[in-house]
Amino acid sequence: MAVSVLMVCLGNICRSPLAEATLRHHAARLGLDVIVDSAGTGDWHVGHPPDMRAQEVARRLGGIDVSALRARQVILDDFHCFDHIIAMDHDNHRMLLNLAPADASAQLSLLLDHLPGQEGRSVPDPYYGDDADFERVWQLIDAATEQLMGSLR
Ligand code: 4NP
């Protein structure tokens, strides 16, 4: 059965859509069947496409079109439906731990725990940053999801 992964950040318009897209990209490259989705702990951007800067960096550095993705908020069912729920930063990891029902089956982790040398670190929130911040975030997320894909296979 295909492993399932939910990527989570705050708004679901910058980091987690990039993590969703890069994980899907690495899975396809390796011919692996993975169910991937993303969500936000916040609800401000529900229904919105990824931030234009996230769309631009994905297209420019990854050749990936993320424009069709739409933000949604984490729901309690996610803790039962996904094998892995992966937070982009400590704040969102903490929020997920607080939200998680006692009988949650999903395994929670921090994205950068999957990238050797970056364990325990957060993917910084680029929302109030510039293009260079989005590039840095892209590099971290792409590298971490590539490693993650290797360990999920
Ligand atoms: P994300 O970035 O959590 O990576 O999607 C943010 C998007 C929106 C906001 C903050 C962070 N916001 O405050 O609206």
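When a ligand or atom number is given, it counts from 1 through the structure's own listing order.
With hydrogens and angles ignored, the 3.5 Å screen pairs no side-chain donor or acceptor of Asp133 with any backbone N or O of Pro126.
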N/O donor to acceptor pairs below 3.5 angstrom from side-chain atoms of residues 5-20, sequence neighbours left out:
residue: Asn12; atom: OD1; partner: Arg72; partner atom: N; Å: 2.9
residue: Asn12; atom: ND2; partner: Ser16; partner atom: OG; Å: 2.9
residue: Asn12; atom: ND2; partner: Ser38; partner atom: OG; Å: 2.9
residue: Arg15; atom: NH1; partner: Asp89; partner atom: OD2; Å: 2.8
residue: Arg15; atom: NH1; partner: Val123; partner atom: O; Å: 2.9
residue: Glu20; atom: OE1; partner: Ser38; partner atom: N; Å: 3.4
residue: Glu20; atom: OE1; partner: Ser38; partner atom: OG; Å: 2.7
residue: Glu20; atom: OE2; partner: Arg24; partner atom: NH1; Å: 3.1
residue: Glu20; atom: OE2; partner: Arg24; partner atom: NH2; Å: 2.9

Identify all side-chain donor-acceptor contacts of residues 145-153 below 3.5 Å with residues at least two apart in sequence or on another chain.
residue: Thr145; atom: OG1; partner: Thr22; partner atom: OG1; Å: 2.9
residue: Thr145; atom: OG1; partner: Ile141; partner atom: O; Å: 2.8
residue: Thr145; atom: OG1; partner: Asp142; partner atom: O; Å: 3.2
residue: Glu146; atom: OE2; partner: Arg29; partner atom: NH2; Å: 3.4
residue: Ser151; atom: OG; partner: Leu148; partner atom: O; Å: 2.9

Next item on the list: Just do the side chain to side chain donor-acceptor pair (under 3.5 Å) check on Ser109 and His114 with the steps written out, would you?
Entry: CA-CA 9 Å; Ser109 65; His114 302 278; 2.9 Å; yes
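Its side chain outside the 4.5 Å cluster rule for every partner, Met52 clusters with none of the Ile, Leu, Val, Met, Phe, Trp and Tyr residues.
Side-chain contact check for Ile64 versus Arg59: every heavy-atom pair is 4.5 Å or farther apart.
Near ligand 1, residues Cys9, Leu10, Gly11, Asn12, Ile13, Cys14, Arg15, His45, Asp125, Tyr127, Tyr128 each place a heavy atom inside the 4.0 Å sphere around the ligand atoms.
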